[in-house]
Amino acid sequence: MMRNVTVAAVQFACDWDLQANLARAEALIRRAAAQGAQVILIQELFKAPYFCIDQSPEHRKLAESVGSADTIALFRRLAAELQVVLPCSFFEKANNAYFNTVAMVDADGAVMGLYRKTHIPNGPAYQEKQYFTPGDTGFKVWPTRYGKIGVGICWDQWFPETARCMALQGAEMLLFPTAIGSEPAFPEQDSQPHWTVVHQGHAGMNLLPVIASNRIGTERSRYEPGLEMTFYGSSLIADHHGQIVAQASRDQEEILLHTFDLDAIATDREGWFVFRDRRPSLYRALLTMDGVNVDAAAHF
């Protein structure tokens, strides 16, 4: 028996014409759907440039509530019309809290729920702690029309626990919308090969396809003259053995597509027994910050 699903990863450049960014996302979603995609991944925070490049409080005006977000409204309309699953990345305002969030939109246009980014980075040009509260949803897996999908967001990708938690919840594919590129404070560094191989590791260790979407282009801070970063694209699709089956360039707008047989992958995954042979009772160090499983009293 075959249960095929065609996935797509999209990458494009963003600027401060917010409506143009939405229009570009819509055009690429329509193109991907016309090519047969059933699950289409758009990059992280695609409505605007990556505003976390600086710490201006003005950027908080970009935040949207779930009920009034035009990003979600657009994705709901497109999902229902095109019969595709669309994870929607947006800057969420919830009362006095702000989150980096994905709304999972199923192929009938219904919002299945929210995932709020768990791991919030902070460093030169990636100053997300200025804007985002650490997510409180826990890792999520949704039973969409085309399979069980887990979503992590960018920095979540660097933590093996992210992928393993979603795998344990029954995910059949893992999606990562991202925004990553150059390091203005360390111009000699190029993290793109590392970024790629970590995604491959998630796929191989959990025997799950991984789809990652990243942006392209050079973006400049509106508030700190001379501060800029160039995003390196390289969006990818990896199979359940960790092999790259499609990868985009570093600087071109692209749509990647690949078809997976989820039933065949499930059979292969079961044959590897990596979940049968887990020893959770011995992983208590994961519940600590310093890796030491001792009573606090033992320090005295």
Side-chain angles (χ1 to χ4, degrees), residues 7 9-14 41-46 49-50 52-53 87 89 100 102 115 117-129 132 134-135 139 150-167 171 173-219 227-254 256 258 274 285-286 289 291:
V7 300
V10 171
Q11 65 179 35
F12 61 98
C14 300
L41 181 63
I42 303 292
Q43 62 220 35
E44 180 187 17
L45 299 172
F46 65 90
Y50 181 70
C52 308
I53 192 172
S89 174
N100 187 337
V102 164
Y115 168 66
K117 188 173 182 177
T118 299
H119 306 95
I120 307 299
N122 202 77
Y126 298 92
Q127 302 181 72
E128 295 196 17
K129 281 185 167 63
F132 306 130
F139 301 110
V151 178
I153 303 172
C154 203
W155 189 233
D156 287 333
Q157 175 239 335
W158 299 92
F159 298 84
E161 297 85 356
T162 299
R164 180 49 55 92
C165 285
M166 292 189 287
M173 62 191 89
L174 303 178
L175 276 55
F176 289 91
T178 70
I180 187 169
S182 60
E183 302 283 346
F186 308 98
E188 73 283 358
Q189 291 187 7
D190 178 12
S191 65
Q192 186 275 323
H194 186 188
W195 178 83
T196 294
V197 79
V198 171
H199 282 300
Q200 292 178 267
H202 286 318
M205 285 187 292
N206 294 286
L207 289 112
L208 293 172
V210 168
I211 301 93
S213 176
N214 190 27
R215 65 176 64 199
I216 58 172
T218 297
E219 298 180 3
L227 178 57
E228 66 178 42
M229 59 194 300
T230 299
F231 295 90
Y232 52 58
S234 306
S235 300
L236 63 88
I237 301 173
D239 70 14
H240 63 295
H241 291 154
Q243 301 301 305
I244 299 294
V245 295
Q247 187 159 26
S249 67
R250 297 175 70 114
D251 58 3
Q252 298 298 307
E253 182 177 289
E254 293 186 51
L256 304 177
H258 192 78
V274 295
L286 294 177
M289 293 302 290

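Predicted, not measured: the structure shown is a model, and the values here were computed from it.
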ask   = Heavy-atom distance under 4.5 Å between the side chains of I244 and Q200, does that happen here?
value = yes
inquiry  = Within this structure, what is the CZ-CE distance for the pair R215 and M229, rounded to the nearest 0.5 Å?
reply    = 9.0 Å
ask   = Going by heavy atoms in the side chains, are L41 and P87 under 4.5 Å from each other?
value = yes
Parallel, tilted or perpendicular: ring planes of F139 versus Y115, cut at 30 and 60 degrees = parallel
Between CD on residue E161 and CG on residue D156, distance to nearest 0.5 Å = 11.0 Å
ask   = Does a donor on one side chain and an acceptor on the other come within less than 3.5 Å for S191 and E183?
value = no
query = Can you find a heavy atom in the side chain of I42 that is under 4.5 Å from one in the side chain of P177?
reply = no
ask   = Do the ring planes of H202 and F176 sit parallel (below 30°), tilted (30 to 60°) or perpendicular (above 60°)?
value = parallel
inquiry  = Give me the atom names and distance for the closest heavy-atom approach of Y50 to A125.
reply    = CE2-O, 3.3 Å
task = Please check if any side-chain donor atom of Y232 sits under 3.5 Å from a side-chain acceptor atom of Q11, or the reverse.
result = no
ask   = Between A163 and N206, which heavy-atom pair has the shortest distance, and what is it?
value = CB-ND2, 3.6 Å
key: Closest non-hydrogen atom pair, G150 against A171   = N-CB, 4.1 Å
inquiry  = Please give me the minimum heavy-atom distance between P193 and D190, naming the atom from each residue.
reply    = CD-O, 3.6 Å
note = Scanning both residues in full, the closest heavy-atom pair of E44 with E128 reads OE2-OE2, 4.0 Å
inquiry  = side chain to side chain contact (heavy atoms under 4.5 Å, CB included) for W155 and I180? Distances and angles first, verdict last.
reply    = CA-CA 9 Å; W155 189 233; I180 187 169; over 6 Å; no
inquiry  = Among S234, S89, C154, which residue satisfies the side chain to side chain contact (heavy atoms under 4.5 Å, CB included) criterion with T178?
reply    = C154
key: Approximate separation, where rounding is to 0.5 Å, of S249 OG and E254 CD   = 4.0 Å
Donor + acceptor pair across side chains of Q247, T196 (<3.5 Å) = yes
T118 side chain near T162 side chain, heavy-atom distance below 4.5 Å = no
ask   = Taking atom CG of L175 and atom CD1 of I211, what is their separation to the nearest 0.5 Å?
value = 4.5 Å
query = If every non-hydrogen atom of Q43 is compared with every non-hydrogen atom of N214, which pair is closest and at what distance?
reply = OE1-O, 3.5 Å
message = I need the N100 CG to K117 NZ distance, nearest 0.5 Å.
response = 4.5 Å
query = Do Q157 and V210 come close enough that some side-chain heavy atom pair is under 4.5 Å?
reply = no
query = Nearest 0.5 Å, what's the CZ-OG distance between F46 and S213?
reply = 10.0 Å
